[in-house]
K.L.:
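Input: one structure, supplied below.
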Amino acid sequence: MYNAAIQEAIRCRGLTKDNTIETSTVTYKGTIYKKGMSVVLDVNDSGYVLGKIVLILVKQEKVYFVSEKHQSVPVLDLGVHCLQYDLETQYVCLCVDGLAEWKVMEDIIRGTLPHLDSKTLETIVEDLSSMGVRVIDDVMYIKEDDIRHLLSIVDCRKILQRFNNRDMITLTLTPVSTLEASSSTQFTLPHHHSTPVQHSTWPSTFQVPWDKTRPSLRTCLELRKRPEETDRRHMVRVTVDAMREICLNPTLSQCADVALSIIEQYPDCFEDRTDEGDRMGSGHFTLCSQFKTRIDNLNRNNTLARLRKPKRPAVAVENSLPVPSRKCAKTDCYGCINWQPSELPEGETRNSLSEKEELKSTFTREGQNGADKARVNELMMITYEAQRRDINTSPAPSIDQLKTVWPFLFIKRFLIQHFNTLTGIELESRLRESISGKGRRVLHFFKSQLMRWRKEVRTVLADTERVSEDVDPGLAAILVMMAFFKEKEDSLFLLADVTTTQADSETQLSLPSTPRIILMGDSILVPKKWMLTLEGKVVIESSHLQLDFTSALAVLFGSFYVFSVEYQEEAASTLEFIQRFLVRINPENSKCTSQFQVSKKSGKVVRRKSMALNPHVASFIRDFAEYDWQNH
């Protein structure tokens, strides 16, 4: 089966058919080896001795490579190595532990000390070779004094600690006989010189090296004040360096544990907060993201440190898209305090239909005019539990069905009242207060830094300036934020002529399933009237008392909560901005769980990252709060 030279190389290692398994692929210390690949067998005065793998054998959890030996000679002018081929091919069978793993050692050094340049790294490797280092395990015999002439004291200690605290070695073997079936046998070989330290519980005992942070940051910690952004970024770098001394590539959950411990210790200094001081989400999302981003940047050229995941089959995203639903998606009790009441009003039962029928008959007789009756207001409050029960029914009823059962719920007054009971927030008054206090400040934030923004933001600002006397500052602020988040205006607002009727809207406009406000007028900046659409139907129209934008925004935002509608992906950032910045509802998770989105760069459907807190919203609120504090 094999030529005599190969058989002799195998026989010298005591390998036989009875005690040896042949495999086509092996993963060793995070590196995949296959037949046909070349590995470094030795280093001599002429260059590297390379071996082209022709067989991979396993005996008693030890891996052997049968390789063709070739001498390489460096070509200095080109910076490459050329192979010298002999007339008679030589074969050697070496245990994987005996390989001169210079590439692996270089990756470890580069990952531990990413600031080193290529020349310094090459010098370190050459000096280690001259000291007799042939495999990674030889480094354990190197002392700090041996390499102090190459590196600083701190860098010396980092390198030696990294080599002495390596992970366990995991082998994944794919037997040749079962390769087509994709089955695998897995072995775990304990490292015989050290104890693994990259365990999942290290964040619980991790200590931030505050003594290495800037004095100005430590002063802020003592005074319980928020540090400057530059000091915060320096603290992130220092903390990440300390984390990577324990684990070269901490996971997102480990970063979250470290960030949470810092937030618990210094909430006033690092917690995610709105400009009113309310906590946003979990409070540690931004700090956790900064840790992970810094770690990923440091590891971008270090393949050894990356978390290895099985490759997914290359299937087009479009083929895996969920089938579009005719109804908008429902979501759970996100930020609500009265999602589904367990107690009924006194004297009522779940089977009581009298109040519901009385409301329906009143609407049949008097239409929307019945909303002014005190009895209708009383009945709408009494039947809140029944309304929630019908809305939360699974499968969820359509909007048409709800409108038939609860017609008064589709009048602005009672929709807002339902939202107030659901969340404990007076929505319209909260929005008026926030827009009055923040709308013009948001516009000033953008106008005072005009050249910092992209073209679309500057265009909206210029349009608002041209009609500054007539434009509502709240509408202007929302449109600027949509441009800032790279979201299209029609993802929330549709423009129609002022004479458009409900029937015209449903037949002439393309109405989506998720909530939209139809702004009626000559321009989206100066509308005369508005209508709310949901599931392709107009469900609420404005009256002569509800022409202002704040009323429209309250109805639009309230409909997502009242009817349990998930934020549409194309406007998710703007809606979360309204929720956290204006309405000040700050739960720990997101109300948009879409798995797909249309890329703003390519226009293609791509997978969407699921995050507990929208990073664009969190970043804006943090920048705005810092700017507002410095300028007001």
Side-chain angles (χ1 to χ4, degrees), residues 1-44 48-72 83 86 88-105 107-108 132-141 163-196 198 303-304 308 310:
M1 182 175 178
Y2 302 116
N3 63 37
I6 294 178
Q7 293 182 32
E8 179 61 25
I10 295 174
R11 189 163 41 249
C12 291
R13 286 288 178 178
L15 304 178
T16 66
K17 291 189 296 183
D18 298 331
N19 63 12
T20 306
I21 300 174
E22 179 186 353
T23 179
S24 62
T25 305
V26 63
T27 302
Y28 181 77
K29 297 183 181 178
T31 302
I32 299 175
Y33 296 94
K34 298 179 181 179
K35 290 182 180 180
M37 293 177 61
S38 294
V39 295
V40 178
L41 301 179
D42 199 1
V43 182
N44 55 29
Y48 293 108
V49 179
L50 301 180
K52 181 180 179 182
I53 300 174
V54 296
L55 284 176
I56 302 176
L57 305 174
V58 180
K59 175 188 176 183
Q60 295 177 351
E61 300 184 353
K62 282 187 175 292
V63 179
Y64 297 85
F65 293 153
V66 179
S67 309
E68 295 179 1
K69 286 182 64 176
H70 298 289
Q71 175 69 53
S72 72
L83 296 183
D86 299 328
E88 183 178 351
T89 302
Q90 293 183 331
Y91 293 94
V92 62
C93 181
L94 285 180
C95 180
V96 68
D97 290 332
L99 296 178
E101 300 161 310
W102 296 109
K103 179 62 175 68
V104 177
M105 282 193 278
D107 283 344
I108 293 176
V133 174
R134 289 292 179 268
V135 294
I136 293 179
D137 291 342
D138 290 345
V139 181
M140 69 176 294
Y141 301 107
F163 276 102
N164 292 329
N165 293 332
R166 290 184 295 121
D167 280 351
M168 296 181 72
I169 303 167
T170 301
L171 295 176
T172 303
L173 306 178
T174 306
V176 175
S177 59
T178 58
L179 186 58
E180 295 181 0
S182 298
S183 61
S184 61
T185 307
Q186 195 169 65
F187 299 90
T188 300
L189 304 180
H191 196 285
H192 52 276
H193 288 300
S194 61
T195 303
Q198 294 192 34
T303 57
L304 185 70
R308 299 179 182 270

K.L.:
Decide yes or no for Glu68 and Tyr91: does some side-chain heavy atom of the first lie under 4.5 Å from some side-chain heavy atom of the second?
P.N.:
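A side-chain contact under 4.5 Å exists here.
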K.L.:
Kindly write out the residues that satisfy side-chain contact (heavy atoms from CB on, under 4.5 Å) with Lys59, not counting sequence neighbours, or none if the list is empty.
P.N.:
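Expected list: Leu15, Asn19, Thr20, Tyr64.
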K.L.:
With respect to Leu57, which candidate in Ile10, Val63, Ile21 satisfies the side chain to side chain contact (heavy atoms under 4.5 Å, CB included) definition?
P.N.:
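Of the listed options, the one satisfying the test is Ile10.
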K.L.:
Do Thr25 and Ile56 come close enough that some side-chain heavy atom pair is under 4.5 Å?
P.N.:
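Result no, sub-4.5 Å side-chain heavy-atom pair not found.
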K.L.:
Take Val54 and Lys35 through the test side chain to side chain contact (heavy atoms under 4.5 Å, CB included) and record every step on the way to the result.
P.N.:
CA-CA 5 Å; Val54 296; Lys35 290 182 180 180; over 6 Å; no
